[in-house]
Amino acid sequence: MGMCGIFATTNDKNSAQTILSGLKKLEYRGYDSWGIAVKGRTRLRSQKQVGKISVSQTTLPQSNMGIGHTRWATHGGVTVANAHPHFDCSGKLALIHNGIVDNYQELEKKIKGHKLIGQTDSEIVAHLIEKELKTEKDLFRAVKKVVRMTEGFNAFVVMHQDFPYLVTAKTGSPVVIGIRPGANMLSSDVASLLSHTKQVIFLTDGQIAKVAPDKVRIENYSGVKKIKPVVQTIDWTAKSASKSGFPHFMLKEIYDQPAVLIKIVESKIKEVREFAKTISKAKNVFTVACGTASYAALAGQYLFSRLAGRQVTPAIGSEFYYNDGFINSRSLCIALSQSGETLDTLQSVKFAKDRGAKAVSLVNVQGSSLDRLSDQTVLLEAGPEKAVASTKAFLAKVAILLLTASALKRKTPRAVIEIKQAIRAIRKILSPDYQKYLKKLAERFKHSHSMFILGRGVSYPAALEAALKIKEVSYIHAEGFAAGELKHGVIALVNQNTPCLVFAPNDETYSDIISGAMEVKARGGIIIGVSFKPNPMFDYYLPVSDSGSGTILPNVVVAQCLAYYLAVARGLDPDMPRNLAKSVTVK
Ligand code: AGP
């Protein structure tokens, strides 16, 4: 069923309403359709709908126990029949699922005669449990038997009208148990539980749990031994997970960035020095990450070579398995991820660890699968990031890599100065006049079919990240290029009025990037210059004061804001772009 949001209550005065608001906080995980089921007096009652959660009230009766789901479709179209929860033939059992049951066609053969109403892999599991319940007579044991038959990366939550507890099982997709006296809860993430509790248990792969209002029993799929739950306290506030008055999470999180960078330079130096020590002991170092995180890793490659003279090989998570000849017990795998649940990144780390490598992760979500899988973790502490388009987590990753590269040469104080300069530059970009100008630029270019972003050196990954932001939220086909590559082919795409954002920082790339801008302008392109000084080449100029090696930070903030205003100017929702989800928990 892909990357969905699951939320459940065991004893809430109005569970349907509580679940609805929980699902709204999880919509970044998938927003094709949603559904809730609650216990009724004699049978389960449910409400399912296609599209985003636009209602504020459910039509369901008051009930104390319920499960809910928001979907990102993989198997079966976006229909009410394929929305979750799925039910068995009796209608007494309901199931919600996040992930993909790889062997669902095999399993379907075991439920001949059962009536399926949709086309999903999840519904088959609900009927399998119904079948096993006939012999097991116990919901926990029936679910345990069935989840052991399933293959793939999944999370399930099951409720039955006749049993006073919920059952949840995990092999891949995240499950968080919210500990609340007499009213335990379940969710896909921590942030959606914060308004109820900060005491959580992270279920790990291959674990199944019986969650009753006042107790939790955890076992491994394979054993019957009771596992002692590890309750963790989360230091995020519900407010930090809200929009705090901003129209969208994306803009709120863009404005969070100065505070995020201050927290890093004030509280992460000791950890960064530890991280640098780990790097100095490794023979070969590579990074693994996906999407925006992979562009932060690529920026890291430039920063480590320039500031520490250290080679760090970046790899994209989904491609990592195909080039493994060099991984051994002297290797260090640095994994970067906001969610800590991206499957391709997790699998790459397991792949590297299976070959003896040590794993360090830069991750934002405490207790996530990547955090628990790693030998050493540097938490980004950027606070909850809800918008699908990642912003503050990118800046936090790059700032930590900049500090770490400097720490390898005992030059951390210099990096701290540069990041503080970057914070001042970002504050200028976030000022009302500057924002007004960016909004005007977005109005000017909102009908563009394509847009080019040029950079050299560390500004090349910045260009890739800028293009991804614009693509993700405005659907304009933006491409980031290493500017030197232009004349080797892609300049053929430039025609009259092609907008071209050019990163021209005060470093060794300046003169070459300006000549690249001239070549584009000569073919009718419109140059939007992001630079520390104006240049006659620029048709539009976005000033960003020089912050040395930290200049990539404010440069990317300019692009984040432009992407945001382009999306708004095109009447789009920047927080929930089509076809995307915040953390990609499927292959
Ligand atoms: C970025 O805006 C996207 N949401 C996406 O590229 C994301 O960076 C990628 O899926 C990796 O996610 P992670 O950082 O949570 O691992």
Side-chain angles (χ1 to χ4, degrees), residues 2-3 5 27-31 72 153 172-174 188-191 248-251 253-254 257 287-300 314-320 333-349 359 361-371 373-374 377-380 382-398 400-401 461-462 464-475 478 480 556-557 559-564 567 572-587:
M3 324 169 262
E27 259 193 317
Y28 68 91
R29 300 181 59 84
Y31 28 89
W72 194 90
F153 301 97
S173 308
S188 294
D189 79 358
V190 164
H248 297 101
F249 281 110
M250 184 178 180
L251 193 62
E253 289 155 9
I254 288 173
Q257 296 181 111
T287 58
V288 66
C290 302
T292 280
S294 73
Y295 298 144
L298 186 59
I316 293 171
S318 53
E319 289 293 313
F320 186 64
C333 169
I334 303 173
L336 297 89
S337 174
Q338 188 289 126
S339 62
E341 301 294 348
T342 300
L343 191 61
D344 281 324
T345 305
L346 289 171
Q347 295 300 96
S348 302
V349 173
S361 64
L362 269 60
V363 64
N364 194 36
V365 179
Q366 178 193 4
S368 59
S369 304
L370 182 61
D371 176 15
L373 178 63
S374 307
T377 295
V378 179
L379 284 175
L380 302 178
E385 191 180 73
K386 306 299 288 284
V388 170
S390 180
T391 52
K392 59 182 180 176
F394 175 85
L395 251 68
K397 291 179 196 122
V398 174
I400 287 172
L401 293 171
L464 293 171
E465 174 55 11
L468 181 61
K469 288 286 104 51
I470 293 169
K471 277 184 274 208
E472 278 189 281
V473 297
S474 76
Y475 314 153
V556 168
V557 173
Q560 294 168 348
C561 296
L562 185 60
Y564 172 79
L572 303 168
D573 177 349
D575 283 351
M576 289 197 254
R578 68 186 182 203
N579 305 341
L580 292 178
K582 181 69 179 169
S583 70
V584 182
T585 54
V586 294
K587 269 206 174 163

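Just so it is clear, the model here is predicted, and its values are computed rather than measured. We count ligands from 1, going down the list as the structure has it; atoms in each ligand are counted the same way.
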Any donor-acceptor N/O pair, Glu253 side chain to Ser390 backbone, under 3.5 Å: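 Not confirmed, Glu253 side chain does not pair with Ser390 backbone.
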Exercise: do Glu341 and Ser369 side chains pair donor with acceptor under 3.5 Å: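 Note: Glu341 and Ser369 side chains meet the donor-acceptor criterion.
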Any donor-acceptor N or O pair under 3.5 Å, side chains Asp573, Tyr31: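 Their side chains do not contain a donor-acceptor pair, so the 3.5 Å distance test is not met.
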Structural part of Ser337 in contact with ligand 1, heavy atom criterion under 4.0 angstrom: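 Ser337 to ligand 1: contacts from backbone and side chain alike.
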Contact partition for Glu472 relative to ligand 1, non-hydrogen atoms under 4.0 Å: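 Looking at Glu472 and ligand 1, just side chain atoms fall under 4.0 Å.
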Starting from [atom], find the nearest protein heavy-atom neighbour and note its residue, name and distance.
{"atom": "atom 12 (O) of ligand 1", "answer": "Thr342 OG1, 3.4 Å"}
{"atom": "atom 11 (C) of ligand 1", "answer": "Cys290 O, 3.3 Å"}
{"atom": "atom 5 (C) of ligand 1", "answer": "Thr292 N, 4.2 Å"}
{"atom": "atom 10 (O) of ligand 1", "answer": "Val584 CG2, 3.8 Å"}
{"atom": "atom 4 (N) of ligand 1", "answer": "Val388 O, 2.7 Å"}

Contact check: [X] vs ligand 1, nitrogen or oxygen atoms, below 3.5 angstrom:
{"X": "Ser339", "value": "yes"}
{"X": "Ser583", "value": "no"}
{"X": "Lys469", "value": "yes"}

CD1/Ile316: more than 12 non-hydrogen atoms of other groups inside 6.0 Å: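 Counting neighbours around CD1 of Ile316, 12 or fewer heavy atoms of other residues, nucleotides or ligands fall under 6.0 Å, so no.
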Beyond-backbone contact of Leu343 with Val584, side-chain heavy atoms, under 4.5 angstrom: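 Sidechains of Val584 and Leu343: no contact.
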Met250 vs Pro577 side-chain heavy atoms within contact, under 4.5 Å: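 No - every pair of side-chain heavy atoms lies 4.5 Å or more apart.
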Could you list the atoms of ligand 1 found under 4.0 angstrom from a heavy atom of [X]?
{"X": "Ala389", "answer": "2 (O)"}
{"X": "Gln338", "answer": "13 (P), 14 (O), 15 (O), 16 (O)"}
{"X": "Ser390", "answer": "1 (C), 2 (O)"}

Non-hydrogen atoms of Ala563 and Val473 that approach each other most closely: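 For Ala563 versus Val473, the nearest heavy atoms are O-CG2, 3.5 Å.
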Smallest separation among heavy atoms of Pro384 and Ala191, with atom names: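 Nearest pair, atom of Pro384 first, then Ala191: CB-CB, 4.3 Å.
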Rounded distance (nearest 0.5 Å) linking atom OG1 of Thr287 with atom CZ of Phe320: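 Atom-to-atom, Thr287:OG1 and Phe320:CZ are 9.0 Å apart.
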